[in-house]
Amino acid sequence: MCESNGMAGERELADLLFTAGDLARMRFAVAPMWEVGPSLRLLRSGLPHAVHGPWAEQVRPRLTALGPAFGLLAELVPPTGYVPDFINPAPAGPAPTLAEELAAIRATPAGQVRRDLDRLAAEHGTLGSRLRALHADPGPGLGSLAEAVEAYWELALAPYWARIRAVLDADVLHRARQAAEHGAARVLNDLHAELRWAEGTLRLSRRTRPMSRRSAGPGLLLIPSAFTGPGLYTLFAPPDPPQLAYPARGIGGLWTTAAAPASGTAALAAVLGRSRALLLAELAAPASTTELARRTGLSPSAVSQYLTALRDARLVSAHRAGRSVLYARTATAEALLNPDG
């Protein structure tokens, strides 16, 4: 089941046995939905965060723009404990899009939705009105849930996804090289302090439920995440392989906003023009047209014109946050501004 290890209960050990076939089916995936629940939980806590503080300070004030959608997500992702399994479908490939994952959520059988919500109610005492409606009629309810996730994603994660995705991809590449040079055992033993591999068995400490091949399919899905830390999240939902989401390497520097090198900005200015290069340099964090105009001294109409050109060139992306639009640098723009980074 989808749970965060160590959130409740006494310290325990849980073992998952592997066959050669299970080990052969072990793979990595970068999954957008594994960022949705943990990031929302972090925002709702209201607490300062050593790593994600800069992101949370930017995003929390925007949550009111979600309206009723935020209420549905807040009921589905409680502050602690179990989160319904169906919001984290097993990734079919190495990097599913959010749209693909939402399509899988919409296709969840009604029986599974109700079983997961029943467990959520058992652990937390009751379901809120929105989840009771989802329980009563899962078809339309899952459509509303997908719309709520899309609205949250656009506001809280999409403007930052290029930066987050770069960290997750770098983690997968590092693990793949580890596996090639040292084998799968090194990879598993290096993932997290609560995870150990020995003699065909994967052992997790601080898991409140036992692990068994009877409660999951063959293989193992390893999912690096920016927001799951410091613990591990596990999901056992047959017939899919077990999913294990772990903190990715490099998240400590995720929100470091080092200024773009003057050489990089100057080189871009020679190609794009000074004003467009200036706007790219200012987008170390996503910002609106009004904010960029205030910071650069350019008129709002000029900023809008330049951003349109940069968007057409795929150097910035636009994301709606309530009544405003946030602009963010793309991975291509990051590489151009920091060619040695």
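Worth knowing before you read on, the calculation uses all heavy atoms, side chains too, and leaves out hydrogens, waters and symmetry mates. Note that the numbering runs from 1 along the sequence shown for the chain.
In this structure Glu100 satisfies the salt bridge (charged side-chain N to carboxylate O under 4.0 Å, His left out) test with no other residue, sequence neighbours excluded. Residues forming a salt bridge (charged side-chain N to carboxylate O under 4.0 Å, His left out) with Asp240 (at least two apart in sequence, or on another chain): none. In this structure, Arg62 has no salt bridge (charged side-chain N to carboxylate O under 4.0 Å, His left out) partners at least two apart in sequence or on a different chain. Remark: Arg175 pairs with Asp171, Asp190 by the side-chain hydrogen bond (donor to acceptor under 3.5 Å, both in side chains) rule, at least two apart or across chains. Partners of Ala302 according to the side chain to side chain contact (heavy atoms under 4.5 Å, CB included) rule, which considers only residues two or more places apart in sequence or in another chain, are Ser299, Tyr306. Judged as a side chain to side chain contact (heavy atoms under 4.5 Å, CB included), and not counting sequence neighbours, the contacts of Thr330 are Ser317, Thr332, Ala333. Considering only residues two or more places apart in sequence or on other chains, Glu199 meets the salt bridge (charged side-chain N to carboxylate O under 4.0 Å, His left out) condition with none of them. Evaluation of the side chain to side chain contact (heavy atoms under 4.5 Å, CB included) rule for Arg27 yields Ala29, Leu221 as partners, not counting sequence neighbours. With sequence neighbours excluded, no residue forms a side chain to side chain contact (heavy atoms under 4.5 Å, CB included) with Gln305.
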Distance-only criterion, 3.5 Å: show the donor-acceptor pairs between side-chain atoms of residues 276-285 and protein atoms not counting sequence neighbours.
from	atom 1	to	atom 2	distance (Å)
Arg276	NH1	Leu272	O	3.1
Glu282	OE1	Arg295	NE	3.0
Glu282	OE1	Arg295	NH2	3.4

Which pairs of donor and acceptor atoms, one on a side chain in residues 19-26, lie under 3.5 Å apart (sequence neighbours left out)?
from	atom 1	to	atom 2	distance (Å)
Thr19	OG1	Gly21	N	3.3
Thr19	OG1	Asp22	N	3.1
Thr19	OG1	Asp22	OD2	3.1
Asp22	OD1	Gly219	N	3.0
Asp22	OD2	Thr19	N	3.0
Asp22	OD2	Arg213	NE	3.4
Arg25	NH1	Gly21	O	3.3

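Under the 30°/60° scheme for interplanar angles, the aromatic rings of Trp55 and Phe227 are found to be tilted.
Separation of atoms CG (Leu16) and CG (Leu244) is listed at 9.5 Å; rounding is to 0.5 Å. Interatomic distance, Ser129 OG to Glu75 CD, rounded to the nearest 0.5 Å: 5.0 Å. Rounding to the nearest 0.5 Å places CG of Leu134 at 9.0 Å from CZ of Arg114.
Side-chain contact between Ser39 and Leu157 is present, with at least one heavy-atom pair separated by less than 4.5 Å. Side-chain atoms of Pro242 and Leu235, non-hydrogen and from C-beta on, never get closer than 4.5 Å to each other. With a 4.5 Å cut-off on side-chain heavy atoms, Val149 and Met33 count as touching. Looking at heavy atoms from C-beta onward, Pro224 lies in side-chain contact with Val172 at the 4.5 angstrom threshold. Pro78 has its side chain within reach of Leu120: a pair of non-hydrogen atoms, C-beta onward, lies under 4.5 Å apart. Using a 4.5 Å heavy-atom threshold, the side chains of Asp116 and Thr108 count as separate. In this structure, Leu220 and Phe18 have side chains that are in contact, with non-hydrogen atoms separated by less than 4.5 Å.
Surrounding CZ of Arg311 are at most 12 heavy atoms belonging to other residues, nucleotides or ligands under 6.0 Å away. Taking a 6.0 Å sphere around CZ of Arg274, one finds it holds 12 or fewer heavy atoms contributed by other residues, nucleotides or ligands. Atom CZ of Arg186 sits in a sparse spot, with 12 or fewer heavy atoms from other residues, nucleotides or ligands closer than 6.0 Å.
Classification of Glu154 and Arg320 as a salt-bridged pair fails, no side-chain N sitting under 4.0 Å from a carboxylate O.
In terms of heavy-atom proximity, Pro241 sits nearest to Pro218 at CB-O, 3.0 Å. Smallest separation of non-hydrogen atoms from Pro247 and His192: CD-CD2, 3.8 Å. Across Arg44 and Ala74, no two heavy atoms sit closer than the pair NH1-O, 3.1 Å. Across Ser275 and Leu298, no two heavy atoms sit closer than the pair OG-CD2, 3.9 Å. Across Arg60 and Leu42, no two heavy atoms sit closer than the pair NH2-O, 3.3 Å. Taking all atoms of both residues into account, the shortest heavy-atom contact from Ile87 to Leu76 is CG2-CD2, 3.3 Å.
Put simply, the residue from Glu35, Arg165, His319, Gln58 that forms a side-chain hydrogen bond (donor to acceptor under 3.5 Å, both in side chains) with Tyr160 is Gln58. The residue from Leu204, Thr234, Asn189 that alone fulfils the side-chain contact (heavy atoms from CB on, under 4.5 Å) condition with Leu195 is Leu204.
Formation of a donor-acceptor pair under 3.5 Å by the Arg106 side chain with backbone atoms of Gly143 is not found in this model.
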Give the intermediate values and the outcome of side chain to side chain contact (heavy atoms under 4.5 Å, CB included) for residues Asn88 and Ile105.
-> CA-CA 8 Å; Asn88 291 109; Ile105 290 173; over 6 Å; no
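Residue pairs meeting the ring-ring contact (aromatic ring centres under 6.0 Å, His included) criterion with at least one member in residues 110-157, sequence neighbours excluded: Trp153-Trp161.
Using modelled atom types and a 3.5 Å distance limit, the side chains of Gln243 and Tyr233 yield no donor-acceptor pair.
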